[in-house]
Novice: 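Encoded as structure tokens, here's the structure I'll be asking about.
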Amino acid sequence: MNNKRRSVFILLIVILIGVAVGGYYYYQSKQDKTLTLYGNVDVRTVNLGFRVGGRLASLNVDEGARVTAGDKLGKLDDASYINALNKAKGIRDSAKAQLALKEAGYRTQEIAQAEAEVAQKQAAWQYADNFYKRQQGLAAQRVISANDLDNAKNSRNQTLAALKAAQDKLNQYQSGFRQEEIAAARGEWLQAEAAVAQAELDLQDTTLTAPSDGTILTRAIEPGTIVGPGNTVFSVTLTHPVWVRAYVSEPNLGVAVPGSDVLLYTDSRPDSPYHGKIGFVSPTAEFTPKSVQTPDLRTDLVYRLRIIVSDPDDALRQGMPVTVRFPETKQ
């Protein structure tokens with residue numbers, strides 16, 4: 001009888017413990033909970049190089065150096081680019097002078113010289129014409145031969161042709177250059193201006209500058225190297241922006257909305273979190289990358305988040321694991 005009572009007593013205890021445990025978990029399920037995600041720091045990296053090629057003359061920074069936007073990082077030998085710019089300027093000045101000449105037309109001295117030439121040719125033609133007429137009279141009287149008359153006629157025709165040529169030249173000088181010639185000269189001048197602008201840009205690009213604040217990650221070459229356009233000289237990690245790449249399951253999409261504030265914890269600062277704001281939620285699902293640390297999520301479909309870090313510092317490094325915690329939410 002004592003054993004039966006003992007068994008009943010034990011059973012009651014087990015039932016009470018089960019009810020207590022179930023009540024506890026039920027109570028916990030109704031309480032506020034914090035959504036926690038896991039991700040990694042993502043820092044933008046820029047490969048810097050010269051737009052033009054040449055011999056690398058100098059580099060001003062080394063790996064690990066902090067740079068700010070506009071800092072001079074390196075320099076190419078610019079002698080050939082200075083020569084090219086001077087040549088382009090000479091061609092431009094010549095083209096500009098040619099355009100000005102054609103727009104202004106011929107000089108008054110040239111027009112006066114053409115007028116004098118017309119007067120001279122006019123006098124020569126009048127003399128040849130009168131001589132030919134006299135020869136016609138003599139030929140009618142059979143005083144001269146037919147050959148003499150032909151010579152006089154040819155001489156008159158030649159002086160007439162010379163007179164017409166001088167008159168055409170005078171008309172050209174008085175009318176100035178044709179609009180097509182002026183347009184062609186203007187086109188050559190514009191091309192020369194563009195060539196100068198390009199030469200100036202090429203010379204400017206012999207200096208490598210930092211596009212924004214950052215840290216030199218790698219220094220790929222050394223002074224004296226012949227580099228081609230676009231060859232990487234430095235790799236720079238940008239100070240801003242810094243974000244965290246994380247992944248959220250579909251049931252929690254309602255919590256991870258753009259604009260939401262989150263706290264970011266790293267192993268090196270477990271008690272001093274960074275602050276972030278969700279800036280992007282991928283519209284398409286994907287399988288969780290292996291870098292995510294929770295085993296039960298690695299085979300699930302999740303959505304990628306991009307969290308902008310509001311207060312980044314040098315302690316945040318590329319690929320560093322980060323714990324993302326959301327404000328308390330009702331489940």
Side-chain angles (χ1 to χ4, degrees), residues 25-26 28-49 51 67 69 210-218 220 229-331:
Y25 280 106
Y26 177 78
Q28 289 296 323
S29 67
K30 296 300 181 180
Q31 299 306 303
D32 291 341
K33 289 192 174 181
T34 300
L35 174 62
T36 301
L37 303 178
Y38 301 92
N40 299 88
V41 174
D42 234 344
V43 180
R44 281 186 176 176
T45 301
V46 179
N47 294 326
L48 301 182
R51 191 185 60 83
V67 297
S212 58
D213 298 351
T215 303
I216 301 298
L217 182 63
T218 58
N231 289 162
T232 298
V233 179
F234 293 109
S235 294
V236 179
T237 57
L238 302 184
T239 303
H240 299 284
V242 175
W243 61 73
V244 170
R245 184 188 301 268
Y247 298 85
V248 62
S249 60
E250 185 174 357
N252 294 315
L253 276 177
V255 178
V257 296
S260 300
D261 294 320
V262 296
L263 295 177
L264 308 170
Y265 293 86
T266 62
D267 294 341
S268 58
R269 288 176 43 171
D271 300 323
S272 180
Y274 296 91
H275 298 82
K277 186 182 294 290
I278 297 178
F280 169 78
V281 179
S282 175
T284 57
E286 56 186 282
F287 284 104
T288 312
K290 293 181 179 180
S291 60
V292 175
Q293 297 177 359
T294 52
D296 55 341
L297 281 180
R298 290 178 183 169
T299 58
D300 292 342
L301 285 174
V302 292
Y303 294 83
R304 178 166 52 92
L305 302 180
R306 174 176 290 175
I307 302 169
I308 307 299
V309 183
S310 304
D311 48 359
D313 57 22
D314 293 342
L316 291 178
R317 303 299 177 89
Q318 175 71 33
M320 178 182 290
V322 175
T323 300
V324 182
R325 290 179 181 168
F326 288 72
E328 293 184 349
T329 56
K330 287 287 185 179
Q331 299 293 320

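The residues of the chain are indexed from 1 along the displayed sequence.
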Novice: Enumerate the side chain to side chain donor-acceptor pair (under 3.5 Å) contacts for residues 256-266, please, sequence neighbours excluded, ordered by first and then second residue.
Specialist: Asp261-Lys277, Thr266-Ser268

Novice: Could you state the interatomic distance from CG (Leu264) to CG (Leu316), rounded to the nearest 0.5 Å?
Specialist: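 The CG atom of Leu316 is 8.0 Å from CG of Leu264, to the nearest 0.5 Å.
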
Novice: With heavy-atom distances below 4.5 Å as the criterion, would you say the side chains of Val309 and Asp311 are in contact?
Specialist: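 With C-beta onward as the side chain, the pair touches.
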
Novice: Pair up each side-chain donor or acceptor in residues 42-49 with any protein partner under 3.5 Å, not counting sequence neighbours, and list the distances.
Specialist:
residue, atom, partner, partner atom, Å
Asp42, OD1, Gln318, NE2, 3.2
Asp42, OD2, Trp243, NE1, 3.3
Asp42, OD2, Arg245, NE, 2.9
Asp42, OD2, Arg245, NH2, 2.7
Asn47, OD1, Ser235, OG, 2.8

Novice: So how far is it from Leu253 CG to Ser282 OG, rounded to the nearest 0.5 Å?
Specialist: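 Going from CG on Leu253 over to OG on Ser282, the span is 10.0 Å.
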
Novice: Looking at Pro211 and Ala69, what are the two nearest heavy atoms and their distance?
Specialist: O-CB, 3.8 Å

Novice: Any idea which heavy atoms bring Ser212 and Leu238 closest together, and the distance?
Specialist: OG-CD2, 3.1 Å

Novice: So which heavy atom on Val242 is nearest to which on Thr239, and how close?
Specialist: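 For Val242 versus Thr239, the nearest heavy atoms are CG2-O, 3.2 Å.
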
Novice: Can you confirm whether Asn40 sits close enough to Met320 that some side-chain heavy atom of one is under 4.5 Å from a side-chain heavy atom of the other?
Specialist: no

Novice: To check you understand the geometry: which heavy-atom pair defines the closest contact between Ala256 and Ile278, and what is its length?
Specialist: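 Here Ala256 and Ile278 meet closest at CA-CD1, 3.8 Å.
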
Novice: Any side-chain heavy-atom pair from Leu305 and Tyr247 closer than 4.5 angstrom?
Specialist: no

Novice: Just wondering, do Ile308 and Phe280 contact through their side chains at under 4.5 Å, heavy atoms?
Specialist: no

Novice: Only counting residues at least two apart or in another chain, list the ones meeting side chain to side chain donor-acceptor pair (under 3.5 Å) with Asp313.
Specialist: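 Side chain to side chain donor-acceptor pair (under 3.5 Å) check on Asp313 returns Arg269, Tyr274.
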
Novice: What are the two closest non-hydrogen atoms of Ser310 and Gly276, and how far apart are they?
Specialist: OG-CA, 4.0 Å

Novice: Which atom names give the shortest non-hydrogen contact between Gly254 and Val257, and what distance separates them?
Specialist: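 In this case the closest contact between Gly254 and Val257 is O-CG1, 3.6 Å.
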
Novice: Calculate, to the nearest 0.5 Å, the distance between atoms OG1 and CG belonging to Thr323 and Asp267 respectively.
Specialist: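 Between atom OG1 of Thr323 and atom CG of Asp267 there are 7.0 Å.
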
